[in-house]
Amino acid sequence: MADHEIPKAYDPKAHEDAVYAAWEQSGFFNPDNLPDERKEMFSIVLPPPNVTGTLHMGHAVMLAIEDIMVRFARMRGKKTLWLPGTDHAAIATQTKVEKLLIAGGMKDPRAELGRGAFLERVKTFATESHDVIVKQCKKMGASLDWSREAYTLDSARSTAVRTAFKMMYDDGLIYRGDRMVNWCPRCKSTLADDEVEYIEQKTKFYYFKYGPVVIGTARPETKFADKVIVVHPNDARYKELVGKEMEVEWIDGLVKAKVVADEVADMDMGSGAMTITPAHSFVDFDLAKKYGFEVVQIIGEDGKLTNAAGSFAGQDAHDARTAIVEQLQKKGLVDHVDENYTHNLSVCYRCESPVEPLPKLQWFIDVNKPFAFRASSHAPIDGINDGQMISLKEIMQHVVRSKQIEIIPERFEKTYFHWIDNLRDWNISRQIWFGHRVPVWYRGEEISVSVEALEGDGWEQDPDTLDTWFSSGLWTISTLGWPSSAKASEGKPSDFEQFHPTSVLETGYDILFFWVARMILMTTYAVGEIPFKQVYLHGLVRDEKGRKMSKSLDNIIDPLDMIGKFGADATRLSLVIGGTPGNDSKLSEEKIAGYRNFTNKLWNIARFVLSSAHLPPLTQGEGWGGVCAVTLADRWILGRLAEVTDRVTAHLERYEFSAAGELLRDFTWSEFADWYLEISKLQKSENTDRVLLHVLSTLLKLWHPFMPFVTEVIWKEMGLSKDFLMIAEWPKSGGNMDPRVAGEFTLVQDVVGAIRNLRSQYNVEPAKMVSVTIVSGKRATFIDEQAELIKHLARVGSLTVTANGTAPVQSASAVLGEASIFLSLAGLLDLEKERMRLTKELQGAQDYASTLSAKLDNAEFTSKAPANVVKKMRTNLSEAHERSRALQSQLAVLKK
RNA sequence: GGACGUUUAGCUCAGUUGGUUAGAGCGUUGCAUUCACAUUGCAAAGGUCGAAGGUUCGAAUCCUUCAACGUCCACCA
């Protein structure tokens with residue numbers, strides 16, 4: 001036990017860093033160092049934060065939830081690995097550094113520095129970010145195994161990336177093609193479909209005369225090379241025209257145009273006729289491919305018009321629009337202009353510049369092409385055989401549909417399938433410098449794809465880099481040693497064999513497509529295993545008004561600030577309690593302050609228990625098995641503790657963190673502190689001390705995953721064990737609540753509550769002793785046995801308990817189901833007030849009774865409802881009647 | 001245009017397979033400050049569960065329609 005003064009308030013700052021350092025030093029974050037032989041594995045990979053800066057509340061909620069999962073698993077005796085790492089986040093990081101360099105005075109950083117020097121700058125920035133991120137994870141208390149830390153761009157992960165690329169290339173899944181891509185003229189790079197965002201915008205929509213038809217467009221600057229008119233085959237207006245060729249007057253003079261019929265044309269849209277722009281529209285490009293039309297690029301990668309734009313060549317595409325329209329106007333080709341057209345402008349998700357669809361030679365992953373599946377021998381996927389021809393899309397659908405991967409909450413499965421249905425081939429090459437260089441080398445017409453670099457001999461590597469999600473898609477396998485050390489060596493199983501597939505992937509729903517789906521694709525392909533058995537998706541953390549936290553709104557709540565102010569434990573609780581999976585949650589400082597109050601409450605519970613319960617320290621391993629239930633309160637609190645232990649365990653197994661936390665908080669505060677601790681002040685005994693210590697130590701274990709710091713500090717104060725609470729064994733309930741005990745204790749609570757209520761009604765000071773009479777029929781003996789308890793808890797000086805009796809004069813009364821309570825108020829009783837109060841209560845009781853009898857008189861109800869429901873209702877009815885009678889007789893006394 | 005989510009006390013949210021006076025925290029109101037904790041204690045007030053229909057002996061819970069708010073996807077003819 002503590003032989004020194006424990007401070008009145010818990011000060012997180014005084015303990016947190018030291019506790020984390022001690023945990024780290026123990027080595028127990030690394031599963032290989034866990035003390036006993038552990039058979040069952042539990043593994044999570046940390047979704048690697050981007051090295052673009054610092055952690056925000058979204059990361060904090062992720063760390064809090066995952067740490068709960070991990071600490072719970074570890075305490076339950078599983079060989080537990082939580083593997084940390086960071087993501088180089090190619091475009092995001094490069095863009096961020098470019099912005100910083102520009103802010104520092106550079107005009108075009110890439111041009112001014114060159115590839116090598118520029119990458120050095122990015123690397124320096126990434127290293128600094130990484131260090132900050134690691135520090136922040138530690139501040140949160142995250143029990144990550146830092147000895148296994150990984151980085152998406154380090155050498156082991158680069159080998160994995162090149163290996164996967166080569167496998168896919170050899171299987172014919174990776175191909176190089178001239179295809180439409182989303183091009184960001186500012187980043188000078190392509191973007192994946194889901195890296196494009198849309199902003200609603202009002203713009204002009206032009207209708208032009210194009211030969212015999214009128215066509216509509218919002219982007220006149222792309223229309224120079226339009227040579228094909230498309231109409232719907234069923235459109236009567238244009239039936240005659242289909243198949244014809246003609247010369248039409250256009251922007252830069254006459255062009256030769258022809259008319260084709262295709263169902264993509266929408267008869268109800270505009271004039272029903274359109275021309276196509278194969279080089280700058282995904283739909284038109286597909287159409288051009290289908291009919292073999294020429295693809296002429298009008299807008300270049302610099303965002304300027306190409307030579308195909310004739311007299312406008314070299315102008316900025318967006319700026320040239322007005323001049324082009326003017327030229328058409330002069331020729332009398334403008335039919336009319338819709339000034340109020342709203343459409344969605346596509347912009348780059350990183351820099352918000354307008355995105356230009358254009359054709360470009362790029363690397364793609366074919367998601368529809370069947371290949372020969374390579375099954376895993378140690379964790380095979382059910383339903384797909386070795387060598388079976390199957391496409392990536394089909395695998396992605398299969399593993400979720402067959403529930404081999406379970407998504408929580410389930411509704412996101414729908415979103416997932418919908419996304420896959422719309423999935424096109426994945427463009428994986430980017431024209432940026434920071435990232436994994438495409439492992440392809442060229443020499444003249446020759447192409448070589450290689451894991452090892454090809455040096456000299458005239459080989460030149462592709463200048464492009466890979467989409468950042470290509471490397472993070474390999475995260476579960478690349479961090480566990482694939483491909484280099486995926487196999488056992490010297491009889492020792494490898495990390496990959498032990499920990500893959502990982503148990504659960506915990507992340508925000510906003511990266512379900514970006515990352516989760518890509519991991520499923522890459523992992524099932526590369527190793528023939530699912531990457532994780534479950535996906536738990538948390539919601540976004542928003543501000544107290546429900547807005548996203550952002551710099552421009554200046555509403556960012558910084559996790560580090562909150563940890564400094566309220567402690568890591570309080571910050572964690574505020575992020576976990578009150579939220580449900582997949583739903584956004586609102587966070588405010590007041591909320592965190594509320595949980596700071598709770599950590600302090602727990603601290604003071606411990607302070608009280610440790611100062612009042614003096615027992616010789618138990619030797620390690622002995623535990624508190626000797627704890628006995630002597631009094632009613634002992635039986636009650638131990639029974640409740642058993643119930644709470646079971647329910648908290650069940651909640652945590654189902655990832656119901658909020659429910660588990662609320663249950664624990666209510667038990668800790670409203671039952672253990674408010675009732676048992678108060679009772680213990682009266683019923684002092686060695687056994688009471690044992691009960692206090694037992695409940696406290698069990699609570700520390702149950703709370704530990706949620707609030708690791710304060711529980712570990714108290715655990716040390718208790719001196720129960722030399723070992724950390726972090727590796728203590730998770731409690732087992734070891735018993736049930738006796739329903740009779742529950743009923744009896746509830747009666748005591750109700751009696752005490754009724755007396756307190758009467759005191760409050762008459763403004764009797766809490767400290768003042770009062771006189772009370774309880775008339776309680778067959779419960780009189782029991783209540784009399786508990787007289788001391790009731791007197792203590794309700795501050796009663798004189799208590800009379802009788803089986804039968806009449807109300808004492810000058811007293812306020814309350815009626816419980818089994819007892820009538822009278823509080824003596826000599827001279828203070830307000831007859832009128834008392835009469836009104838009792839009348840109101842009587843009314844309530846009678847209304848309730850009549851509702852119940854109406855139900856019970858209904859034969860359909862009594863015949864169809866389950867017997868226990870009917871029985872319970874009969875009991876309630878007789879109680880209501882009894883209560884009404886008691887209230888009536890009390891009113892009668894008052895009237896005298 | 002398609003899909004999903006939310007709507008319960010002033011605020012933030014729970015509410016298990018439908019079961020009978022709808023719960024918590026914060027806030028509010030009243031009383032209390034040597035006695036573990038004012039980062040506290042005791043008590044109270046406060047809700048026709050978004051609307052309208054339906055199923056059922058019984059609906060916050062299941063079905064239909066509608067409304068408001070939010071999110072994602074598609075789309076620059």
Side-chain angles (χ1 to χ4, degrees), chain A residues 6 8-10 194 198 201 203 205 207 215-219 222 230 264-266 269-277 280-284 341 343-346 354 357 409 411-412 414-415 418-419 422 509-510 512-513 540 544 546 566 570 577-580 582-588 590-591 593-612 656 658-659 662 665-666 670 673-674 677-678 681 753 756-761 763-768 794-795 844 847-848 851-852 855 858-866 868-870 872-873 876 880:
Chain A
I6 303 173
K8 276 176 95 151
Y10 173 62
D194 42 17
Y198 298 91
Q201 206 190 40
T203 185
F205 193 79
Y207 288 92
I215 57 152
T217 183
R219 302 201 54 197
T222 65
V230 181
V264 298
D266 183 346
M269 185 89 109
S271 64
M274 65 177 185
T275 59
I276 61 169
T277 311
H280 300 286
S281 153
F282 283 88
V283 180
D284 293 3
Y341 178 72
H343 75 138
N344 289 322
L345 179 70
S346 52
R411 64 186 150 88
F412 282 100
K414 242 183 179 170
T415 323
H418 184 250
W419 180 80
N422 287 309
Y509 66 76
D510 51 330
L512 177 62
F513 307 136
L540 267 47
E544 70 276 358
F566 306 109
I577 298 180
T580 38
N583 288 334
D584 294 353
S585 59
K586 295 178 190 175
L587 183 69
S588 60
E590 293 77 59
K591 190 172 172 185
Y595 287 106
R596 184 269 321 269
N597 296 356
F598 178 74
T599 57
N600 193 56
K601 184 75 187 182
L602 184 65
W603 179 257
N604 274 287
I605 289 170
R607 196 165 163 250
F608 170 79
V609 171
L610 295 182
S611 65
S612 71
E656 292 159 357
S658 182
E662 275 181 85
R665 186 196 49 197
D666 292 347
S670 313
D674 290 350
L677 252 56
E678 292 308 319
K681 291 173 187 172
R756 284 169 174 173
N757 187 341
L758 288 175
R759 298 176 62 118
S760 180
Q761 296 274 341
N763 284 350
V764 180
E765 292 164 28
K768 196 177 167 186
R795 308 232 12 113
D847 288 351
Y848 183 43
T851 320
L852 292 180
K855 295 263 181 190
N858 184 345
E860 274 199 287
F861 169 70
T862 46
S863 62
K864 289 185 183 174
N868 62 326
V869 173
V870 179
K872 194 178 162 199
M873 200 175 285
N876 287 349

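For clarity, every value in this text was computed on a predicted model and none was experimentally measured. In the text below, chain A, chain B and the rest are named by the order of the sequence lines, each starting its count at 1.
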Would you say B/rC13 has OP1 or OP2 under 4.0 Å from some side-chain N or O of A/Lys586?
yes
Mind checking A/Arg219 for me? I need base, sugar-phosphate or nothing, with any heavy atom below 4.0 Å counting as a touch.
base
A/Lys864, nearest nucleotide to its side chain (from B/rC57, B/rU20, B/rC76):
B/rC57
OP1 or OP2 of B/rC31 under 4.0 Å from side-chain N/O of A/Lys768
no
Below 4.0 Å: OP1/OP2 of B/rU40 and any side-chain N or O of A/Asn597:
yes
Using a cut-off of less than 4.0 Å, is there contact between a side-chain N or O of A/Asn757 and OP1 or OP2 of B/rA44?
yes
Strictly below 4.0 Å: does A/Lys414 bring a side-chain N or O up to OP1 or OP2 of B/rC4?
yes
Quick one: is B/rA36 close enough that its OP1 or OP2 comes under 4.0 Å of any side-chain N or O from A/Lys681?
yes
B/rC37 base / A/Lys8 side chain donor-acceptor hit below 3.5 Å:
no
Contact under 4.0 Å: A/Arg756 side-chain N or O vs B/rA43 OP1/OP2:
yes
Short side-chain N/O contact to B/rC75 OP1/OP2 from A/Tyr198, under 4.0 Å:
yes
A/Trp603 and A/Tyr10 aromatic ring geometry - parallel, tilted or perpendicular at 30°/60° bounds:
tilted
